[in-house]
Amino acid sequence: MEIAFTKYHGLGNDFILIDNRHSPDPLITPEQAVPLCDRNFGIGADGVIFALPGQEGSDYTMRIFNSDGSEPEMCGNGIRCFAHFIAELTGNTTPNQTFAIHTLAGLITPQLTPEGQIKVDMGIPKVTAAQIPTTLNAADQKVINIPLNVAGQTWAVTCVSMGNPHCITFVDDVDQIALATVGPQFEHHSVFPQRTNTEFIQVIAPNYLKMRVWERGAGATLACGTGACASVVAGVLTGHSEATCTVELPGGCLTIEWDQRSQRIYMTGPAQKVFTGQLILNR
Ligand code: ZDP
């Protein structure tokens, strides 16, 4: 069977997008997604994203499989790629156009900006231990600067859910972090029942954060949109940052704005189409 796909990236966080608007079920399985994401044996990607029919009044539904086949609730860089993909598929490329996208993290609304970027209403971050979820602290408590032992070191962690779980640590120098060693130990730590995405943040200025990320189910990636949002929330909760920041990731910069009145968080950044092709699925 052949299935058309489009390869996208958002700041080097890359995805295989599939037009799945004519069926409520993803055209490929998580087991098929894993080899497609492989950078030697497949196309190469951090995940596969499906544009499915809308539900609960939304225009479309987005589902994602990570490169390990697990399914996250949300994907910040992915939804910018999704918006660009849908705009092209439907010819709806008018600036300021919005799309209502149903995700496992609820309704997310990307908007095409006149400058050719995508600004996404990422919803309201969740901050209690039960919502993240983590067993750190009591269930109705925020998890702010809590000591956690990982890889023989004690880290002061702050946890935030953007629909998906994030554990954020502020450090003096992100380039000193042994991401490939420390990252998996955070991801699989017993205090995170759904595993976790892990961000290390260096405060360059109160409105400029430098971030490195170890993603749940995908490992070290060049960018993570939900992680950038979660990190600004953590920055405000810990007093490290302002509510509007530039977040510098290995793949480039995102603008994150946490509206203190509505509590909604907005992410603005690019999405780049790279190529199209046909998947050949061997069964
Ligand atoms: O929560 C998870 O399992 C993540 N790996 C999902 C992907 C997050 C992403 N990198 C982002 O930009 O938010 C796509």
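One-based numbering, in listed order, for ligands and for the atoms of each. Nothing fancy with the numbering, it's 1 onward along the sequence.
- Using a cutoff of 4.0 Å between basic side-chain nitrogens and carboxylate oxygens, D121 and R264 are scored as salt-bridged.
- Protein heavy atom nearest atom 8 (C) of ligand 1, with residue, atom name and distance: E215 OE1, 3.6 Å.
- Under the 4.5 Å side-chain criterion, counting only non-hydrogen atoms from C-beta, S23 is not in contact with L52.
- E88 places no side-chain N or O within donor-acceptor distance of the main-chain N or O of F85, the cut-off being under 3.5 Å.
- Applying the 4.0 Å criterion to heavy atoms of N66 picks out, from ligand 1, the atoms 2 (C), 3 (O), 4 (C), 5 (N), 6 (C).
- With a 4.0 Å heavy-atom cut-off, ligand 1 is reached by no atom of M162.
- The nearest heavy-atom contact from the protein to atom 11 (C) of ligand 1 is G76 N, 3.1 Å.
- For C75, heavy-atom contacts with ligand 1 shorter than 4.0 Å involve the backbone as well as the side chain.
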(message) Set out, in order, the CA-CA distance, both residues' side-chain angles and the distance that settles salt bridge (Lys or Arg N to Asp or Glu O under 4.0 Å) for D173 and R212, then state yes or no.
(response) CA-CA 10 Å; D173 183 353; R212 285 179 75 203; over 6 Å; no
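- Not a single heavy atom of R195 sits closer than 4.0 Å to an atom of ligand 1.
- Of all atoms in ligand 1, listed by their number and element, those nearer than 4.0 Å to a heavy atom of P72 are 1 (O), 2 (C), 3 (O), 6 (C).
- A cation-pi arrangement is not found for K7 relative to F275, the charged atom failing to lie both closer than 6.0 Å to the ring centre and inside a 45° cone about the ring normal.
- Looking at atom 3 (O) of ligand 1, its nearest protein heavy atom turns out to be R216 NE, 2.8 Å.
- The side chain of F15, and not its backbone, has at least one atom closer than 4.0 Å to an atom of ligand 1 (non-hydrogen atoms only; side chain from C-beta on).
- Below 30°, between 30° and 60°, or above 60°: for W155 and F186 the angle between ring planes is above 60°, a perpendicular geometry.
- Per-residue contacts place T226 under 4.0 angstrom from the following atoms of ligand 1 (heavy atoms of the residue considered): 8 (C), 11 (C), 12 (O), 13 (O).
- Considering backbone and side-chain N/O atoms, G225 comes within less than 3.5 Å of an N/O atom of ligand 1.
- Of the protein's heavy atoms, N197 OD1, 3.3 Å lies nearest to atom 4 (C) of ligand 1.
- Using a 4.0 Å cut-off between charged nitrogen and carboxylate oxygen, D175 and K210 count as a salt-bridge pair.
- Ionic pairing of E71 and R63 is present here: one or more N-O contacts between side-chain nitrogen and carboxylate oxygen are shorter than 4.0 angstrom.
- A salt bridge does not link D59 to R21: none of the charged nitrogens lies less than 4.0 Å from a carboxylate oxygen.
- Only side-chain heavy atoms of N13 come within less than 4.0 Å of ligand 1; its backbone N, CA, C and O stay farther off.
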